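Heads up: the structure comes next, in structure tokens.
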Amino acid sequence: MILVTGGAGYIGSHVNKLLNDSGYETIVLDNLSKGHKSAVKWGELVNADLSDTETVREIFQNNDIEAVMHFAAFSSVAESVEEPEKYFKNNYENTLNLLKVMKEFRVRKFIFSSTASLYGIPKSIPISEENELKPINPYGESKLMVENLLKDESDFGGLKYVSLRYFNAAGADLDCEIGENHNPETHLIPLVLDAAIGKRGSISIFGDDYSTPDGTCIRDYIHVNDLADAHLKALQYLEEPFNDSNIFNLGNGTGFSVKEVIDTCKKVTGVDFEVIIDERRPGDPDILIADSKKAEEILKWKPQIPELEDIVESAWNWHKKINS
Ligand code: UDP
């Protein structure tokens with residue numbers, strides 16, 4: 001049995017589906033503060049908060065948990081700047097609680113949902129795992145604190161973990177059973193699709209004076225199914241007794257500017273809409289592109305849906321479904 005915390009959320013729900021499709025049994029722990037009950041179509045759902053240690057203990061007591069995949073976290077950079085304590089409590093302290101209970105029950109395998117935000121403003125592109133870790137917001141800082149804790153627990157406490165540093169997760173389940181559905185939405189692709197579907201009048205570009213060819217920020221968009229596949233491979237990696245704890249970047253290795261993303265969305269949807277040049281959003285690095293060679297070499301992972309058009313198309317199919 002695999003415990004999937006945050007399995008009602010965007011990335012967690014796609015991983016939960018893949019685990020079940022691959023023959024694993026899962027139990028999802030989610031407080032449904034951001035996630036959706038309807039996204040947990042596989043495995044059992046326990047509606048509880050990770051700070052509720054008794055309930056977490058009961059899960060370990062009543063199930064034979066082999067490994068934990070930990071997605072439960074807040075992930076809005078803007079919110080983390082306004083309410084840092086909320087991020088340190090939920091993202092760091094609750095992970096500490098979870099690890100304590102795991103230790104009590106001698107569960108050693110842990111897969112952590114980490115982020116490219118750890119790199120802050122990178123010194124070189126593409127970004128490998130060796131790049132300096134210098135988050136520039138409390139969200140990234142809270143995730144870095146967990147990675148530091150995991151390293152110590154692995155070096156001295158018997159934990160075996162894989163930390164997966166995602167670049168920009170995008171797209172949706174190809175069967176359209178689950179997808180991205182944040183409230184409020186802050187991510188570029190769903191917001192652009194909101195403009196395409198007529199839910200908003202226009203899309204704003206946050207700054208066009210960055211050091212990039214068209215002046216807008218460049219990001220590495222990776223399909224959520226490819227992220228899910230990396231989690232499955234990370235679990236299989238940890239199931240091999242001689243493999244050590246490890247850290248992997250997950251991205252396509254190709255960057256697209258905000259303008260290119262908007263143009264792709266216009267092409268895929270066939271809808272034209274107004275685009276407004278707005279102020280920069282604080283804390284946005286010019287360019288984030290992953291070097292994921294390590295995951296390719298060690299996990300034998302390779303993105304299966306690397307084309308931006310295909311990623312956007314899957315997101316669009318889901319977007320039409322939830323807005324119909
Ligand atoms: N962005 C934008 N307009 C929006 C939302 C996002 O121009 O309405 C830009 C944002 O500044 C960043 C990129 O799109 O450069 C991706 O932002 P997103 O929030 O999707 O992901 P992040 O890179 O922050 O994880």
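One-based numbering, in listed order, for ligands and for the atoms of each. Just so we're clear, the structure is a prediction, and the values are computed from it rather than from any experiment.
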Geometric N/O contact Phe206 with ligand 1, under 3.5 angstrom: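 Yes, at least one N or O pair falls under 3.5 Å.
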Heteroatom distance test (Tyr221, ligand 1): nitrogen or oxygen, under 3.5 angstrom: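 Among all N and O atoms of Tyr221, none is under 3.5 Å from an N or O of ligand 1.
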Just let me know how [X] lines up against ligand 1, side chain, backbone, both or neither, with a heavy-atom cut-off below 4.0 Å.
X      : value
Leu188 : both
Ile203 : side chain
Arg281 : side chain

Please report which non-hydrogen protein atom sits nearest to [atom], along with the residue it belongs to and the distance in Å to one decimal place.
atom                    : answer
atom 9 (C) of ligand 1  : Val258 CG2, 3.8 Å
atom 25 (O) of ligand 1 : Asn168 ND2, 3.6 Å
atom 3 (N) of ligand 1  : Ser204 O, 2.7 Å
atom 15 (O) of ligand 1 : Cys217 CB, 3.1 Å
atom 11 (O) of ligand 1 : Asp284 OD2, 2.5 Å

Aromatic ring pairing Tyr87/Phe74, orientation class (parallel under 30°, perpendicular over 60°, tilted between):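 Tilted, since the angle between the ring planes falls between 30° and 60°.
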Atoms of ligand 1, numbered as shown, that sit under 4.0 Å from any heavy atom of Thr186: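 Every atom of ligand 1 under 4.0 Å from some heavy atom of Thr186: 5 (C), 19 (O).
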Close-contact set for ligand 1 against Ile205 heavy atoms, below 4.0 Å: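 Matching atoms, with element in brackets: 7 (O).
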Heavy-atom donor-acceptor pair, Trp42 side chain to Leu19 backbone, under 3.5 Å: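 No.
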Phe105/Phe60 aromatic ring centres below 6.0 Å: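 Yes, ring centres under 6.0 Å apart.
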Ring centroid separation His231 to Tyr237 under 6.0 Å: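 No; Tyr237 has its ring centre 6.0 Å or more from that of His231.
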Crowding at NZ, Lys41 (>12 non-hydrogen neighbours, <6.0 Å):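 For Lys41, atom NZ is crowded (more than 12 foreign heavy atoms under 6.0 Å).
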Heavy atoms of other groups near Glu130 CD, more than 12 under 6.0 Å: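 No, the 6.0 Å shell around CD holds no more than 12 heavy atoms from other groups.
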Ligand 1 contacted by Val77 (non-hydrogen, < 4.0 Å):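 It does not, in that no heavy atom of Val77 comes within the 4.0 Å cut-off of ligand 1.
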With Glu153, the salt bridge (Lys or Arg N to Asp or Glu O under 4.0 Å) member among Lys160, Arg108, Lys103: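 Looking at Lys160, Arg108, Lys103, the match for Glu153 under the salt bridge (Lys or Arg N to Asp or Glu O under 4.0 Å) is Lys103.
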Salt bridge Asp155-Lys151, side-chain N to carboxylate O under 4.0 Å: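 Yes, charged N to carboxylate O under 4.0 Å.
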Pair Lys259 + Asp263: basic N to acidic O under 4.0 Å: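 No, this pair does not count.
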